[in-house]
Amino acid sequence: MTTQYQVIVVGGGHAGMEAAYISARMGVATALISLSKAHIGLMPCNPSIGGLGKGHIVYEVSALGGLMPQLCNDTYLQARMLNTSKGPAVQGLRLQIDKYAYKKRAQEFLAATPNLTIIEGMVDGLIVDTKREKPAVTGVSVMHEGARTEYYAASVVITAGTFLNGVLHVGKEQTSGGRVGEAAVGGFSNVLHELLGVKLGRLKTGTPPRLRATSINYSVLEQQEEQKLEYLFSFDPPIEGVAEKMPCFIAHTTKETHDIIAQNIHLSAMYSGNIKGVGPRYCPSIEDKIGRYPDRFSHHVFVEPEGLGIDEVYPSGLSTSLPYDVQVAYITSIPGFEHAEIVRPGYAVEYDFVQPTILNHALETKNVSGLFFAGQINGTTGYEEAAGQGIVAGINAALKAQEKPAFILDRSESYIGVMIDDLITLGVDEPYRMFTSRAERRLILRQDNVFARLMPYGYALGTVDQEVYDRFLAEQESVRRASSYVLRHKQGLAYLALQQLVFDDAVAQAAHREVCKVLETETISGRALLQIYAAVRYDGYIQREESEVGKLKHYANLAVPVDFSYFGIQGLSFELQQKLARYKPGTIAQAQLIPGMTPAALSLLIYHVRKTLGMIE
C-alpha cells in the first residue's frame, strides 16, 4: 500500500472534500483520510447551501474550480434568489439540497477524481521534522482496526470539524461524539496543543429535531413560491434548466411554544451550565431566541425536506439542546405540527477549535511549515465557510508540495479573502458566519461578477477547463462592449432600462432586447445583463471603490511616524483612536490589521499621515 503522497487531507467534511479535490485537480498526489468512507460528504445540519454572504462564497469556490457547486447542480431540490428586491450586491442564491443524494454524489465524484486516494482511519498523531530551521510536518499516523500506519507528505491539511473532544448534549444527557452515531477524536487536541504551543478553545453548535414528513399538516403552513432562475452556482446553466423538485414551507412558533420553552429553559444544556463552549450568535438555538427576545411571541420555522422520497423534514430555526420530552411538547404546540412525530431529537455538540490567529493568509500555521487548517476547527460555522477555507488550504497545500509561491486572496477581491483575513487577524470568540455586511467592498464583490474576479485564478491553477474558460472570455467581452456603449449613450433606451433592471421583469426584458441590439446578438445571459446593469447603475460608486482599493494597496508600506497623534482626527471614532494609540502601527499595512479598522478609517489615516509627513498641503 502506498504511504507516500504530496498532500494529506484529514477529514471528509465540506472543508476536507474541497481541499482534497482541488489539490488532486492540480495534479498533486493527494490522500483524503476520513473516520468513515461512508460518511464523507454528510450534511449533519441544515440541508441547504448558500444564502446571503454564504452564497457568495459558493460562487467563489465555483470560479476557482471547486467541488461544492458541482454537487449542488446534481442534488438540489429547490433554488431561490434571496433579496431580489434589492441590488445585485446583496442578493444571495440559496439551494435546498437532497442531503442523501449529495453525500452519495460526493463519494462518487471523489472516487473518480484522478490523483486522489481515500483512506479510512483515525489520525492520532503528526510526524514533524524538528531538525530543520523551522519545524515542518512530514506526515501523519493513522489507527485503523487496531493497526497503526504512517503516511508521509510535504503538506497536511487538518479539517477535523466538530470531532475534537466532541460532546453531544440533549438536556442533562452527555455523550462523547462528533455527530450522532460517530465517535469523537480524543487525543489529537493534545497533539496540536503540544506542537503549536497554544491552548485550544471550545465552541458549540446544534441541530433541531427531525420530524416525520407525513405527520405534518401542510394545509395550515405557508408554501414558498417557486422562482424562475437561469443559473445555479456554476458558470454554465443546468442542461435541463432550473426547476423546483420539492417545495419548502414556513411555520410559526406561538406564545404557547415560547411559554413551554421558557418554563423548561433551565433544563437546556446551554442554560444548565453543562456547555462551556460559545454558540453562534447569528444562528441561535430556539431557547436562546426565547431568552434573548422574551417580548416576541412568534418566530419563523422553515420546513425543509431532507431528500426526495425521504419521510423526514428539517425544521430550520428550532435548534435545541432541551430534553426529548420538552422537544415533543414545544414541537406539537406549533400550528401544523400538532401530530408531528420526532424521528431524531435535536442536540447540541461542543468541540475543540484552534484560534485561527496562529495561521497566515494561506491558512498555514505560522510556526510549523506545511501544516494547514480549514473549516470548523478554525472557529467557523457552515458548509459554505468550510468549503471556502478548504479550497484555499488545498490550493496552498498543493503549491507548498510543488515548492511554488502561496495563493492569497485579498479581502478587496473576494468574500473568501474577507473571511480568511477576519479569522487570522481578529480571531474568533463565537462561531464565525459570513454576511454581506462583513465585506467593505461588497459593491464590487457581487455574485454576477464572481467569475470575472476569480476564474482567471482558477484557470492559471489548472482547475478550470479550457472550454469553460473560453466561454467565460466571450461573455466578458460582451459585458465590456455593452457597458462601454451604454455608458457613452446615457440617454439611450438600454441605459434607461438598465437603471431599473432589478425591480421589474418587463423592464428586464426591455433591457435585454436593447443590449442584444447593441451587441448584434439574439440573446445574452442573465448574469451578463446583471454585470452590465451594475456597470451602468453603479458606475461612479464602483470607480470610487476601486480607487480606494488601489490607494490602500499603494500606501500599504507608508510609514507612520512614531510620535504621530491619533486623537482629534475628525471622522475617526474614539474607539479606533484609542486602539491605534495602543497598538502604534509602524505602517498603514499594520494599521489595517487592527480589529475594527475600516477602509474609511484607513483612508483618513493615510491622509493625515501624508499631511504630517509634508506629502500634501
Looking at [Y] and [X], is any side-chain nitrogen of the basic one under 4.0 Å from a carboxylate oxygen of the acidic one?
X: Arg527; Y: Glu475; answer: yes
X: Glu413; Y: Lys553; answer: no
X: Glu350; Y: Lys204; answer: no
X: Arg441; Y: Glu545; answer: yes
X: Asp410; Y: Arg453; answer: no
X: Glu440; Y: Arg411; answer: yes

Does the side chain of [X] come under 3.5 Å of the side chain of [Y] through a donor N or O and an acceptor N or O?
X: Asp422; Y: Tyr432; answer: yes
X: Thr138; Y: Asp129; answer: no
X: Ser369; Y: Arg132; answer: no
X: Asp352; Y: Ser189; answer: yes
X: Lys99; Y: Thr75; answer: no
X: Gln376; Y: Glu385; answer: no

If you count the non-hydrogen atoms of other residues, nucleotides and ligands that lie under 6.0 Å from [atom1] in [X], is the total more than 12?
X: Glu403; atom1: CD; value: no
X: Lys404; atom1: NZ; value: no
X: Lys245; atom1: NZ; value: yes

- [ ] Check the angle between the aromatic planes of Tyr21 and Phe109 and answer parallel, tilted or perpendicular using the 30° and 60° thresholds.
- [x] perpendicular
For the side chain of [X] and the backbone of [Y], is there at least one donor-acceptor N/O pair under 3.5 Å apart?
X: Tyr383; Y: Cys45; value: yes
X: Gln531; Y: Asn449; value: no
X: Thr463; Y: Leu461; value: no
X: Asn115; Y: Ala24; value: yes
X: Ser62; Y: Val58; value: no
X: Gln96; Y: Pro47; value: yes
X: Ser155; Y: Val7; value: no
X: Thr425; Y: Asp421; value: yes

- [ ] Could you point out which residue of Tyr415, Tyr231, Phe233 forms a ring pair (Phe, Tyr, Trp, His ring centres under 6.0 Å) with Tyr59?
- [x] Phe233
Task: Residues that Asn557 engages under side-chain contact (heavy atoms from CB on, under 4.5 Å), provided they are two or more places apart - done: none
So [Y] and [X], do their side chains get closer than 4.5 Å, heavy atoms only?
X: Asn396; Y: Glu364; result: no
X: Met143; Y: Thr149; result: no
X: Val9; Y: Ile33; result: no

- [ ] I would like to know whether Gln466 and Tyr459 meet side-chain hydrogen bond (donor to acceptor under 3.5 Å, both in side chains); could you show each step before the answer?
- [x] CA-CA 8 Å; Gln466 185 68 54; Tyr459 180 69; 2.6 Å; yes
- [ ] Might you work through the side chain to side chain contact (heavy atoms under 4.5 Å, CB included) test for Val157 and Ile8, ending with a clear yes or no?
- [x] CA-CA 6 Å; Val157 184; Ile8 290 173; over 6 Å; no
Open item on the list: Walk me through whether Thr380 and Gln389 qualify under side-chain hydrogen bond (donor to acceptor under 3.5 Å, both in side chains).
Closed with: CA-CA 10 Å; Thr380 60; Gln389 294 170 76; 3.0 Å; yes
TODO: Mind running ring pair (Phe, Tyr, Trp, His ring centres under 6.0 Å) on Tyr5 and Tyr152 for me, showing each step along the way?
DONE: CA-CA 6 Å; Tyr5 298 91; Tyr152 299 91; over 10 Å; no
Task: Glu304 and Arg94: CA distance, side-chain angles, deciding distance, salt bridge (charged side-chain N to carboxylate O under 4.0 Å, His left out) verdict - done: CA-CA 12 Å; Glu304 303 171 344; Arg94 182 185 184 278; 2.6 Å; yes
- [ ] Would you check, one step at a time, whether the test ring pair (Phe, Tyr, Trp, His ring centres under 6.0 Å) holds for Phe451 with Phe472?
- [x] CA-CA 8 Å; Phe451 298 104; Phe472 156 74; 7.4 Å; no
I need the [X] [atom1] to [Y] [atom2] distance, nearest 0.5 Å.
X: Thr436; Y: Leu445; atom1: OG1; atom2: CG; value: 10.5 Å
X: Leu95; Y: Gln78; atom1: CG; atom2: CD; value: 9.0 Å
X: Leu71; Y: Gln107; atom1: CG; atom2: CD; value: 10.5 Å

Open item on the list: Pair Asn46, Ser48 - check side-chain hydrogen bond (donor to acceptor under 3.5 Å, both in side chains), show working.
Closed with: CA-CA 6 Å; Asn46 197 332; Ser48 70; 3.2 Å; yes
TODO: Please assess Ile119 against Tyr151 for the test side chain to side chain contact (heavy atoms under 4.5 Å, CB included), listing each intermediate value before the final yes or no.
DONE: CA-CA 10 Å; Ile119 299 168; Tyr151 296 92; 3.6 Å; yes
